[in-house]
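Residue numbers begin at 1 in each chain, while the letters A, B, ... track the order of the sequences.
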Amino acid sequence: MPELPEVQTVVNDLIDLGLCGRTIVKAKVHWPRCISGSEAESFCKSVQARRICKVSRRAKFIVLQMDCEQWLVIHLRMTGRFILKKTQKKISKHIHAEFFLDDQRRLQYHDTRKFGRFYLVKNPDEFFREYGPEPLEKGFTVDALVQIVNHRRRQLKPLLLDQKVIAGLGNIYVDEALWKAKLHPVQRAENLTLSQIRTLHRAIRAVLKKAIQNNGTTLGKGENNFSSATGGRGRNANHLNVFRRTGHQCLRCRCCIIKIIVAQRSTHICPSCQRLGQLS
DNA sequence: AAGAATGTTACATG
DNA sequence: ACATGTAACATTCT
């Protein structure tokens, strides 16, 4: 579910809903394995009576600063989701953690596939040390992408999916960015020309910005798919150019979009726009 | 009813 | 050291 734009949407919504400044009166964990690195009990004690000072995002993580030495860091993985509202008598079996706030609301963590994780971290800089640059920040220049791509024999798609190389991209937005840049996902990174790198740089940023503007991508209609803390669904699915458009026409050349497997992930390309040079 | 699904990672192999 | 492949995590949907 959540790549950078979806996580950013959740963070934006949590801020809009006034999570900053709230105190966690009590925490309950219904499925202990969603807590990483500590026992559920001690985790609950650690966040109890703590005020949430700041809500932000790094890579695909939600980062909550508290009024203590520890930060609460969450990764939604595939189906994690936050719900922030007042009531709730019966809770869904997919809600694995709950935070009771000082304004009668509850912040609930919902995750059907149970891959998401909570971390208590003392030092966020250290925690995020091995993650790559944020593609929407100023530091991510064309030159930064040149450095990333340089001397890497790897295929473009797995390289861009690697969070240690660049943070925040996932299956959807890598396919979208490569389509926009007219690059084939198995193209070797080291063979890109400077002009191709420039184009890819623009494409990555454009694709992510548009997705954030649209509040993220919600695939399908099931309640299983992405929705933000307000319950809102992203509008970006209508703006996708290749992802899950197998069999449809490419909007540039009308050629038929095909699905291939790259790095064990479904990968969507226009075989006409995204051709592979002889350098592979 | 088998297979795939927005993600990550540990482990194996070349 | 680097590139690639497999399995696992757990559940739902097609």
What's the closest nucleotide to the side chain of [X] if the choices are [options]?
{"X": "A:Asn225", "options": "B:dT6, C:dT6, C:dA3", "result": "B:dT6"}
{"X": "A:Arg153", "options": "C:dA3, B:dT6, B:dG7", "result": "C:dA3"}
{"X": "A:Lys93", "options": "B:dG7, C:dA10, C:dT12", "result": "C:dT12"}
{"X": "A:Arg152", "options": "B:dT6, C:dA3, C:dC9", "result": "C:dA3"}
{"X": "A:Lys114", "options": "C:dT4, C:dT11, B:dT8", "result": "C:dT11"}

Ring-face cation of A:Arg252 near A:Trp179 (centre distance under 6.0 Å, axis angle within 45°):
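Positive - A:Arg252 is close enough to the ring of A:Trp179 and near enough to its axis.
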Does the side chain of A:His94 get closer than 4.0 angstrom to OP1 or OP2 of C:dT12 through an N or O atom?
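For C:dT12, OP1 or OP2 has a side-chain N or O of A:His94 closer than 4.0 Å.
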Between A:Arg57 and A:Glu134, is a salt bridge (charged side-chain N to carboxylate O under 4.0 Å, His left out) present by the stated rule, with each step listed?
CA-CA 10 Å; A:Arg57 177 194 61 75; A:Glu134 284 292 325; 2.8 Å; yes
Rounded to whole angstrom, note down the P distance from C:dT12 over to B:dT8.
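Result for the P pair: 22 Å, nearest Å.
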May I ask you to list the residues of residues 199-216 of chain A, by number, that have any heavy atom positioned under 4.0 Å from an atom of DNA chain B?
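Heavy-atom contacts with DNA chain B come from no residue of residues 199-216 of chain A; none.
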A:Arg154 vs A:Thr112, nearer the 5' end of DNA chain C by closest nucleotide
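Result: A:Arg154.
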Could you check whether [X] gets within reach of a base, just the sugar-phosphate, or nothing at all, counting any heavy atom under 4.0 Å?
{"X": "A:Tyr173", "answer": "nothing"}
{"X": "A:Lys164", "answer": "nothing"}
{"X": "A:Arg33", "answer": "sugar-phosphate"}

Would you call A:Phe226 stacked on B:dT6, i.e. ring centres under 5.5 Å apart with the planes less than 30° off parallel?
no
Can we say A:Arg77 and A:Asp111 salt-bridge, meaning some charged N sits less than 4.0 Å from an Asp/Glu carboxylate O?
no
Pair A:Glu98 + A:Arg106, salt bridge at N-O below 4.0 Å
yes
Under a 3.5 Å cutoff on both atom distances, Watson-Crick or G-U, what's the dot-bracket for DNA chain C ([ ] crossing, | other strand)?
.||||||||.||||
Show your reasoning for whether salt bridge (charged side-chain N to carboxylate O under 4.0 Å, His left out) applies to A:Asp102 and A:Arg51.
CA-CA 9 Å; A:Asp102 59 351; A:Arg51 190 165 54 93; over 6 Å; no
